[in-house]
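Report on the following structure.
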Amino acid sequence: MDHFDYKNGVYHAEDVALDTLAAEVGTPFYCYSSATLTRHFNVFREHFAAENPKICYAVKANGNLAVLRTLAKLGAGADVVSEGEIRLAMAAGIKPSDIVFSGIGKSAQEMKFALGHDIFQFNVESEPELELLNFIAVKMGKKARIAIRVNPDVDPETHAKISTGQKESKFGIAMSLALPVYDRAAKMAGIDVQSVSVHIGSQLTKLAPFAEAFARVRGFVETLRAAGIPISTLDLGGGLGIPYGKEQPPLPEAYSDIVRREVGALGCKLVFEPGRVLVGNAGILVTRVLYVKRSENRIFVIVDAAMNDLIRPTLYSAHHEIVSVVPPAGDAPTELVEVVGPVCETGDVFAEQRLMKVPNAGDLLVLRSAGAYGAVMSGTYNARLLIPEVMVSGEKHALVRPRQTYEELLGRDKIPSWI
Ligand code: LLP
């Protein structure tokens, strides 16, 4: 459930009318609903009330400081993949003791930074990474608490580009190869083995792959314990899907039941890394129609947002629902249209053959479910400015990231004196 809906014929974010907001901040812009974020976090937490896990929000899904601060105040920790994300999490008020550090390419500098702040856990993804982490920790006189991210070889049944838990994937260490690595880690002076971590992919809409992966993790923890390696914590990653269109992802209660059934008996402290399920439906992208162009067999609705602002449709063929802020008049024709951006690429398409009431130039459209992997994946291709982000709470709204300026954009480049 989210807090974006029509009131008196105008699409609102909570109690804020989006036509008024668009007039104030200009288009395109992202808009986040604080009530939706809060609700999603609380629902996730409530279903694990008995376990009281660490809920380490995956910062990569949306790293805006206002989003992070909202979640931090609710008690979220952070799952991070770079020094930048550690800095963001801490700037938002998340304690280092609630931060887990994932990713296959942590640099020495990033390890030093994280160790210096004594973060909760490193999720180690290879043997060379383990060796470097140990080396650095010993030099700093520290112990790095770790999980090894195991790859259970389970098909998450999601888009290929966001599948991470099969043997062809670059992520984690194959479960079949991980025991000797744990054995080595347990003997390292700078390493404190505490956990096993797993994350098989994103936007999972079925429960079975989770169940399969968690069952394999349970078997592996039993093997580790039998080998004398104590495991006190389990990091079960993120990956829960959201409804973008017609898909029906597992309900939180079904997910928590599976977790309990598969790993409950291990008695481990649980860590989760949800991203999309917390923020995906808490954000929208608001854009204005520039032109409607009719060609021989297509109707192009050309909007002012583009693939540089929201890359998901072109990168993952992702579906985002599109609604009009003020629906076109009742007699507007309903037709199949292409909703496209101004970028000079054929792939700059938000929706193909979408059945909708044909909007008019000047109308405002909303791409729903854009809170996760939206603004964070944006860029300045075609020298387009990064767009603003607005957060709404009830009747209040605030610009939580202003539109980039041309001075900022041009100021990044330097012309050497010898040209
Ligand atoms: N933990 C790890 C180790 C991850 O790699 C990810 C996401 C998460 C947690 C959070 O997953 P979530 O709960 O959000 O599914 N840009 C893509 C999604 C990339 C996901 C990357 N890893 C998209 O727009 O669909």
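Hydrogens, waters and symmetry mates are skipped; everything else that's a heavy atom, side chains included, is used. Note that ligands are numbered from 1 as they come in the structure, with each ligand's atoms numbered from 1 the same way.
The atoms of ligand 1 that sit less than 4.0 Å from any heavy atom of Gly238 are 9 (C), 13 (O). Below 4.0 Å from some heavy atom of Arg276 lie the following atoms of ligand 1, by number and element: 12 (P), 13 (O), 14 (O), 18 (C), 23 (C), 25 (O). Set against the non-hydrogen atoms of Ile162, the atoms of ligand 1 under 4.0 Å away are 17 (C), 18 (C), 19 (C), 25 (O). For ligand 1, the atoms lying closer than 4.0 Å to a non-hydrogen atom of Gly275 are 12 (P), 13 (O), 14 (O). Close contacts of ligand 1 with Arg149, meaning ligand atoms under 4.0 Å from a residue heavy atom, involve 3 (C).
In this structure, the side chains of Leu115 and Phe122 come closer than 4.5 Å at one or more pairs of heavy atoms.
Among Leu365, Leu290, Ile322, the one residue that satisfies the side chain to side chain contact (heavy atoms under 4.5 Å, CB included) test with Val301 is Leu365.
At the shortest separation from atom 20 (C) of ligand 1 among protein heavy atoms lies Tyr373 OH, 3.6 Å. Looking from atom 21 (C) of ligand 1 to the surrounding protein, the closest heavy atom is Lys60 CD, 3.7 Å. Protein heavy atom closest to atom 3 (C) of ligand 1, with residue, atom name and distance, is Glu273 OE1, 3.4 Å. What sits closest to atom 15 (O) of ligand 1 on the protein, heavy atoms only, is Ser202 OG, 2.4 Å.
A donor-acceptor pair under 3.5 Å is absent between the side-chain atoms of His397 and the main chain of Val392, judged by distance alone.
Inclusion of Arg312 in the set of residues having an N or O under 3.5 Å from an N or O of ligand 1 is warranted. For Tyr316, a nitrogen or oxygen atom sits less than 3.5 Å from a nitrogen or oxygen atom of ligand 1, counting backbone and side chain alike.
Between Arg368 and Glu321 there is no salt bridge, since no side-chain nitrogen of the basic residue lies less than 4.0 Å from a carboxylate oxygen of the acidic one. Under 4.0 Å is where a charged nitrogen must lie from a carboxylate oxygen, and between Arg184 and Glu131 at least one such pair does. Of the charged side-chain nitrogens involved, none lies within less than 4.0 Å of a carboxylate oxygen, so that Asp2 and Arg39 do not count as a salt-bridged pair.
Under the 6.0 Å cut-off for aromatic ring centres, Phe171 and His199 do not qualify, their centroids lying 6.0 Å or more apart. Ring to ring, His319 and Tyr244 are not that close: their centroids are 6.0 angstrom or more apart. Between Tyr373 and Tyr316, the ring center distance fails the sub-6.0 Å criterion. The six-membered or imidazole ring of Phe300 lies away from that of Tyr291, with a centre-to-centre distance of 6.0 Å or more.
Residue Gly239 places a heavy atom under 4.0 Å from ligand 1. At least one heavy atom of Asp79 sits less than 4.0 Å from an atom of ligand 1. Residue contact annotation: Met377 has a non-hydrogen atom under 4.0 Å from ligand 1.
Only the side chain of Ala58 comes within 4.0 Å of ligand 1, counting heavy atoms alone; its backbone N, CA, C and O stay farther away. With a 4.0 Å heavy-atom cut-off, ligand 1 is reached by the side chain of His199 but not by its N, CA, C or O.
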